[in-house]
2 protein chains.
Amino acid sequence: MTHLESTSLDLLKLHGLRKTPCRLAVLELFFRERAALSHQNIEQQTQNSNFDRVTIYRTLTTFEEKGILHRVPDLEGQAKYALCSEKCSEHAHHDAHVHFKCQTCEKVLCMEDIPLPETAAPKGYQVKTASFLLEGLCAECNG
Amino acid sequence: MTHLESTSLDLLKLHGLRKTPCRLAVLELFFRERAALSHQNIEQQTQNSNFDRVTIYRTLTTFEEKGILHRVPDLEGQAKYALCSEKCSEHAHHDAHVHFKCQTCEKVLCMEDIPLPETAAPKGYQVKTASFLLEGLCAECNG
DNA sequence: ATTATCTTTGCAACTTAGTTGCAATATTTT
DNA sequence: AAAATATTGCAACTAAGTTGCAAAGATAAT
């Protein structure tokens, strides 16, 4: 059993989810890629396993509910997901970091180290969550 | 001719677009609502005029290209658009302001007065555009 | 190890969002 | 008023996402 396999298995157990081929494959993919992935990305990169489209949709939804994945802001295109930090749980997501989308390779990355800037909303408004998406060229594509 | 009608007309002329019922209706709707609108919103609020879905899609695309509307960030749901400031043009959008989505009434507003916070990207990265979406309660729903 | 229980999957069918090609129509220019 | 050009409406399509349900799979209890 590889390292990723055991990490993935632990994560499922931790959240009371059953170990299934689709869930393991999706988790391992996220660990390997270290970038935000869309349903389509996942379907393509797990083609040989032939998981049903619906199963992948449900896997993503379940993982988001349990605090394993968070939705990543992306103006165009489909919903994208990325691995949560350990702080996330069934009860709340703590994904208050900046996200970066490369306009060349289209990868979307979590910049866990860059916290969201503080912003004052006008009076009367109550801010509960915020998302900040930068777009440009990533280190590789900029080189 | 009402004020909105003449403003809408001017805007079309300014961008070399022909005056058509759908375009006028969509522009007037945006002037009245002063909030971001999705294709669906527009379809519903112009029901009696019975514009074709496709025409509305194309109207939105044209307006975005000409710098009359800009796309507004919204994590869930469909694409939303809002009126651009005068600075926008065919060549570039200047929508570098914060957007706010109310979790109760679902309205998305442009906060033209709140500029985007400066954020340093990690070295190697080149930032070209950014979008910042706050979510919470708007002044009305918070009251 | 077998059975019972509960979860997850795969399928089919559906909804909603958005796109494309093209002929008919409307708008502007001359 | 006719010619030139832009825009619309229709039909048909793609892509994203959802729902219900029976069959298969995973875990827990015996």
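Lettering of chains follows the sequences in order, A, B, ..., and the numbering in each one begins at 1.
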Polar side-chain atom of [X] near backbone of [Y] as donor-acceptor pair, under 3.5 Å:
X	Y	answer
R71(B)	A79(B)	no
T55(B)	F51(B)	no
N142(A)	L137(A)	no

Whole-Å gap separating [atom2] ([N]) and [atom1] ([X]):
X	N	atom1	atom2	answer
Q78(A)	dA15(D)	CD	P	11 Å
N41(A)	dA16(D)	CG	P	10 Å
F51(A)	dA24(D)	CZ	P	18 Å
E43(A)	dG10(C)	CD	C1'	13 Å
D52(B)	dA6(D)	CG	P	21 Å
L60(B)	dA17(C)	CG	P	13 Å
K80(A)	dG17(D)	NZ	P	10 Å
I56(B)	dT7(D)	CD1	P	16 Å

Practice problem: Among the candidates dG9(D), dT9(C), dG17(D), find the nucleotide nearest to the side-chain atoms of A79(A). | Solution: dG17(D)

Exercise. Would you please say whether a donor-acceptor pair under 3.5 Å links the side chains of S38(A) and N41(A)?
Key: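 Result is yes, a qualifying pair exists.
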
Quiz item: Between Q40(B) and G16(A), which is nearer to the 5' end of DNA chain C once each is assigned its nearest nucleotide?
Solution: G16(A)

Quiz item: Where along nucleotides 19-30 of chain C does protein come under 4.0 Å, by heavy atom, of base (B) or sugar-phosphate alone (S), with - for untouched nucleotides?
Solution: BBB----BBS--

Practice problem: For the pair K128(A) and E135(B), find out whether any cationic side-chain nitrogen is under 4.0 Å from an anionic carboxylate oxygen. | Solution: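 Salt bridge: no.
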
Self-check item: Qualifying residue for side-chain contact (heavy atoms from CB on, under 4.5 Å) with L37(B), from Q45(B), K80(B), Q44(B)
Solution: Q45(B)

